[in-house]
Amino acid sequence: MEKRNYAGIPDQYAKLETAKVVLIPVPYDGTSTWQKGADKGPEAFLNASENMELYDIETDSEVYKEGVYLAAPVTEDSSPEAMIEAVHATTKKYINKNKFVTLFGGEHSISIGTIRAFNECFNNLTVLHIDAHADLRKEYEGTKCNHACAVYEASQTTNLVQVGIRSMDVTEKSSMNMEKVFFAHDMAVNEYWMDDVIDQLTGNVFITFDLDAIDPSLLPSTGTPEPGGLFYYETLEFLKKVFTERNVVGFDIVELCPNENEKSSDFLAAKLYYKMLSYKFASNMEDEEDYDDDASSPFNKLSKFKNDDDDY
């Protein structure tokens with residue numbers, strides 16, 4: 001992956017020293033079990049981002065001007081365990097620089113390391129898991145670091161809330177808190193599902209977004225496209241509510257499996273990432289009196305905060 005700026009933004013907005021956002025690509029596809037290609041996701045996402053308009057009509061903003069630093073990709077692939085540790089260390093490094101840290105995968109196993117880092121740095125963390133699959137196996141194919149285990153650790157160590165689930169193994173029920181799982185078939189007939197999800201979230205929220213949560217009629221280029229998924233505007237409506245009503249401290253997006261003959265999925269992923277940034281920084285400009293002083297900045301919630309200015 002050649003060195004470039006996210007979305008082709010001018011250099012003045014792409015410097016680590018001044019950027020508020022860090023984007024870490026993780027081109028990893030070591031444990032996926034059907035269609036391979038998620039390791040090509042970050043490159044396809046970046047290519048699409050460079051062809052995207054940078055003015056967001058809905059929020060009347062150009063969020064890239066907050067600064068987005070494109071970090072070097074995490075390329076450790078000697079083992080799933082080594083990859084997860086590399087993701088964990090890299091994520092935590094940038095959190096400790098007081099950045100809003102985002103990642104783009106790669107298969108969903110990368111999120112084990114990401115979530116571990118955020119949970120070590122933020123108190124009372126909710127992991128909002130938006131996905132077609134439960135990903136709650138304790139172990140799969142001989143490792144706890146499989147994509148099918150992506151949020152098992154989070155289920156044990158954080159407030160895990162799952163949205164859009166429509167595929168799982170029966171054994172995963174034993175790891176589920178049914179009050180905090182929103183199945184796609186129930187969401188389809190519950191007009192209040194978004195509010196019900198919000199009620200389950202704590203103040204600090206990390207979002208892990210598997211793109212197969214989106215209906216495959218809109219985003220077919222993913223490893224395991226499941227019918228019956230979320231549609232674009234309901235997804236945006238829900239994300240906007242989360243960013244507005246809770247303190248989102250970071251997010252990752254995973255499982256883009258690009259198809260040379262189908263570019264709309266790449267572009268949807270690029271737009272989704274930019275929308276999430278737009279909602280984050282638009283919500284910061286709204287009335288912060290909804291939070292107490294300790295919650296107005298995500299970094300005031302760090303349990304072990306270190307500012308590594310000397311490392312820029």
Side-chain angles (χ1 to χ4, degrees), residues 1-27 42-43 45-50 52-56 59-76 85-106 110 113-122 204-207 243 247-253 270 273-286 288 291 293-312:
M1 189 181 298
E2 71 275 14
K3 178 63 179 169
R4 73 237 268 189
N5 293 347
Y6 162 73
I9 61 178
D11 288 345
Q12 70 187 94
Y13 301 116
K15 297 177 181 178
L16 177 59
E17 296 90 337
T18 54
K20 293 184 179 178
V21 178
V22 168
L23 167 59
I24 306 168
V26 189
E43 184 76 8
F45 159 76
L46 290 171
N47 289 341
S49 299
E50 291 175 357
M52 178 181 68
E53 299 286 4
L54 296 177
Y55 169 67
D56 183 67
T59 58
D60 188 25
S61 68
E62 295 174 290
V63 72
Y64 76 90
K65 292 182 178 178
E66 301 287 346
V68 182
Y69 174 71
L70 180 58
V74 176
T75 57
E76 173 62 62
E85 183 48 45
V87 170
H88 168 260
T90 303
T91 301
K92 196 167 182 178
K93 177 179 75 171
Y94 287 114
I95 295 172
N96 285 338
K97 290 183 183 294
N98 202 16
K99 304 299 183 182
F100 184 76
V101 180
T102 64
L103 296 90
F104 198 96
I110 75 160
T114 308
I115 293 167
R116 190 178 297 166
F118 274 90
N119 193 39
E120 289 171 357
C121 291
F122 291 91
N204 287 335
V205 176
F206 174 81
I207 301 173
F243 277 94
N247 183 39
V248 177
V249 297
F251 63 83
D252 66 24
I253 298 176
Y273 177 86
Y274 201 68
K275 273 289 191 183
M276 291 172 76
L277 289 188
S278 299
Y279 291 151
K280 171 61 183 177
F281 288 93
S283 67
N284 280 355
M285 291 183 282
E286 293 182 359
E288 290 185 346
Y291 297 108
D293 289 341
D294 195 34
S296 61
S297 167
F299 305 105
N300 291 337
K301 290 287 190 179
L302 289 174
S303 56
K304 295 181 180 178
F305 179 74
K306 178 169 70 76
N307 193 333
D308 293 335
D309 289 333
D310 293 339
D311 294 338
Y312 285 127

Of all the heavy-atom pairs spanning G106 and P42, show the shortest one and how long it is.
N-CD, 3.7 Å

Do L70 and L46 come within less than 4.5 Å of each other through their side chains, counting heavy atoms only?
yes

Measure centre to centre between the rings of F104 and Y273, then say whether the value is under 6.0 Å.
no

Atom CD of E53: over 12 foreign heavy atoms under 6.0 Å:
no

For Y64 and P10, work out which heavy atoms get closest and say how close.
CE1-CD, 4.1 Å

L16 and K99 have their tightest heavy-atom pair at O-NZ, 2.7 Å

Reported CD1-to-CD1 distance for the pair I115 and I110, which is rounded to 0.5 angstrom:
9.5 Å

May I ask you to decide whether E66 forms a salt bridge with K280, counting only side-chain N to carboxylate O separations under 4.0 Å?
no

Scanning both residues in full, the closest heavy-atom pair of N5 with E50 reads O-OE2, 4.1 Å

If the plane angle is over 60° it's perpendicular, under 30° parallel, otherwise tilted; pick one for Y279 and F243.
tilted

Supply the atom-to-atom distance L54 CG to Y13 OH, rounded to the nearest 0.5 angstrom.
11.0 Å

Say you draw a straight line from NZ of K65 to CD1 of I9; how long is it, rounded to the nearest 0.5 Å?
11.5 Å

Return the CG to CG distance between N119 and N204, rounded to the nearest 0.5 Å.
10.5 Å

Are K92 and C121 close enough that some pair of their side-chain heavy atoms sits under 4.5 Å apart?
yes

Where the side chain of S61 meets the backbone of Y55, is there a donor-acceptor pair that is under 3.5 Å apart?
no

Heavy-atom side-chain proximity of V26 to T114 below 4.5 angstrom:
no

Of the options R116, K93, E120, which is the one that meets H88 in a side-chain hydrogen bond (donor to acceptor under 3.5 Å, both in side chains)?
E120

Give me the ring orientation class for F118 and F206: parallel if the planes are under 30° apart, tilted from 30 to 60°, perpendicular past 60°.
tilted

May I ask you to decide if the ring planes of Y69 and Y94 are parallel, tilted or perpendicular, using 30° and 60° as cut-offs?
tilted

Counting C-beta onward and ignoring hydrogens, is there a side-chain heavy-atom pair between V21 and F281 closer than 4.5 Å?
yes

Heavy-atom closest contact (L23 atom, P25 atom, distance)
O-CD, 3.6 Å

For V101 and I95, which heavy atoms make the closest approach, and how far apart are they?
CG2-N, 3.5 Å

Return the CD1 to OG1 distance between I24 and T90, rounded to the nearest 0.5 Å.
6.0 Å

Working to the nearest 0.5 Å, report the span between OH of Y274 and CG of D56.
7.5 Å

